[in-house]
Amino acid sequence: DIDHVYEALLLTGVDLDSLEPDSVLEEVWIKEVVNKSGMKCKWAKLKQEKVRENKDAVRRPPADPALLTPRPPVVTILGHVDHGKTTLLDSLRKTQVAAMEAGGITQHIGAFLVHLPSGEKITFLDTPGHAAFSAMRARGTQVTDIVILVVAAEDGVMKQTIESIQHAKNAKVPIILAINKCDKPEADPERVKKELLAHDVVCEEYGGDVQAVHMSALKGENLMALAEATVALAEVLELKADSTGLVEGTIIESRTDQGRGPVTTAIIQRGTLRKGCILVAGKSWAKVRLMFDENGKTVDEATPSMPVEIVGWKEVPSAGAEILEVESEQRAREVVDWRNYAEQQEKIKQDMEVIKAKQKEHKDAYKKERESLSNLTWRQRKAALFKTNKHLIAMRSKERAESDRNVLPVIVKGDVDGSTEAILNILDSYNADDECELDVIHFGVGDVSENDINLAETFKGVIYGFSVNANKSIQQLAAKKGIKIKFHNIIYHLIEDLKDELSSKLPPSV
Ligand code: GDP
């Protein structure tokens, strides 16, 4: 709880402004916070950890062009809701089922590979449109090579059509236009193309380079034309990858399987994934136990652009996370350990910022409070101070702790205004000698209350009551906390007693 930490900091008197986040972790300081606050500070646990060496895993530098070989394109289908994205993906998947032995059934694993009769392959991402696309981009991973923009021929350009175009443009991914639902009588593909001009999507007929395919996802019409357009664009893009060395990839989807534990679908981007490979992704790692394709068939290896289900993760890594192969299990543990540590450090840094801001705020408030008090009399000032919040009280106690002066904090309770006033007047005229100072931290009318006890405890003060009482439970509380309450019925006696108390505070004379 940041408030508790803050309070603790205030009491220890550490000036955070003078500390860098790293030095904040210094043991001495942590101990002080923990001791004074008597609380469990989460930083205390971290104190021992000396700043560690960054042992993170990173992508390899770009491969030697001589090592690059062609790879299939990875395609994302985007478009307005109800324009036919799901239907298109289903139709594409079905082309594969037909091509497989009877009984084969494709499952949803987040991505699937389409084998064309020509021998070409295309990988389709089958994750809920925009969200996944944006999430991956936000993480700086770019898996998609081509966006197929689905626009229903009878509806034309809609809100999410425009958003999809924006996503593709921001990611600098080229678009292929799939004008869908052309089987419908009211379909008007030409209108769609015209509307898109306003959004900088210029089809070939208009002198641009965007291929447009008129199709029906529902009836499976022109699916092959769409696939061929994709392959043609992929050729222009000259998509290549290095299928040697340590594996790099991206997690497309992840879930926990009842029997197999955490399972992820990944797109491999570099290297060749095989059983036994050690992978790290986010703060999880895996020794690859099993790999499956979208038909649930085990595969022995996955090369760049291939979607593959991976079993063997220790925990579920999140979608969009980067996958990196490392040399050994020990190395994987080291990387995950470092990442956890780095995250904690980041969290602490953020906490520190919040605390610093809070501290400044309170310092400013305190300063302002003091300025506004400087015109008041001594007594008005005291009264006003105690109306202010507990942070100011903490600040005052800190100040007092800092000074070497001898101070006797007192609380004065009288039976009526007049008597309290009279006592305070005498105390006002009391000339503090150099060695011990009287500090009236609170005064009021009425019996000694729990609040008085608490104040006395905070300031290690003594309570003086004039013609007042304290009920039994208050007396017990005071006894328990070791707080002195002194009752008098004659002002003179009270003052004498107070003077005695003051002298007892003086250092013994030699
Ligand atoms: P999504 O929200 O973009 O995924 O759209 P769906 O694939 O769920 O399709 C929305 C509706 O349009 C469904 O009722 C589909 O059957 C229908 N639909 C999709 N493609 C076609 C098509 O080519 N022709 C016709 N007539 N209907 C289609």
Side-chain angles (χ1 to χ4, degrees), residues 73-98 105-114 116 122-137 143-171 173-196 199 201 203 205 210-230 252-253 255 265 267 294 307 319-320:
V74 179
V75 177
T76 299
I77 296 179
L78 298 181
H80 194 72
V81 64
D82 274 351
H83 279 196
K85 298 180 294 292
T86 314
T87 311
L88 176 56
L89 283 162
D90 285 347
S91 301
L92 287 163
R93 251 195 244 107
K94 271 185 215 140
T95 62
Q96 299 306 293
V97 178
I105 183 114
T106 54
Q107 341 171 318
H108 171 91
I109 66 163
F112 61 92
L113 196 63
V114 167
L116 301 180
I122 304 171
T123 294
F124 286 94
L125 292 192
D126 186 7
T127 45
H130 301 175
F133 195 78
S134 314
M136 280 180 215
R137 263 187 36 76
V143 244
T144 305
D145 303 305
I146 294 170
V147 162
I148 290 185
L149 178 66
V150 177
V151 185
E154 92 282 27
D155 257 6
V157 173
M158 306 288 277
K159 186 164 167 277
Q160 287 159 300
T161 314
I162 298 167
E163 283 171 17
S164 303
I165 295 169
Q166 221 45 59
H167 280 306
K169 291 214 154 135
N170 291 343
V173 175
I175 291 175
I176 292 175
L177 179 61
I179 305 179
N180 194 30
K181 305 199 187 182
C182 285
D183 57 299
K184 285 197 165 182
E186 63 272 36
D188 187 355
E190 295 312 317
R191 198 195 76 191
V192 173
K193 289 183 212 170
K194 269 191 209 133
E195 282 176 355
L196 284 171
H199 302 283
V201 175
C203 294
E205 296 101 297
V210 175
Q211 307 179 75
V213 179
H214 299 196
M215 63 174 305
S216 166
L218 191 66
K219 305 224 155 136
E221 282 165 17
N222 262 353
L223 271 186
M224 275 309 126
L226 182 64
E228 276 156 24
T230 308
I252 302 299
E253 262 191 21
R255 64 198 163 86
T265 299
I267 300 270
E294 66 275 13

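Every number for a ligand or one of its atoms is a count from 1 in the order of the listing.
Each salt bridge (Lys or Arg N to Asp or Glu O under 4.0 Å) pair with one or both residues in residues 147-157, not counting sequence neighbours, appears once here: Glu154-Lys184.
Side-chain contact between Leu88 and Leu223 is present, with at least one heavy-atom pair separated by less than 4.5 Å. The side-chain heavy atoms of Leu116 and Ile122, taken from C-beta on, include a pair separated by under 4.5 Å. At least one side-chain heavy atom of Leu177 sits under 4.5 Å from a side-chain heavy atom of Ile179. Within the 4.5 Å cutoff, the side chain of Thr161 has no heavy atoms near those of the Val150 side chain.
At a cut-off of 3.5 Å, with distance as the only test, no side-chain donor of His214 or Lys181 sits close to an acceptor on the other residue.
For ligand 1, the 4.0 Å heavy-atom shell contains residues His80, Val81, Asp82, His83, Gly84, Lys85, Thr86, Thr87, Asn180, Lys181, Asp183, Lys184, Ser216, Ala217, Leu218.
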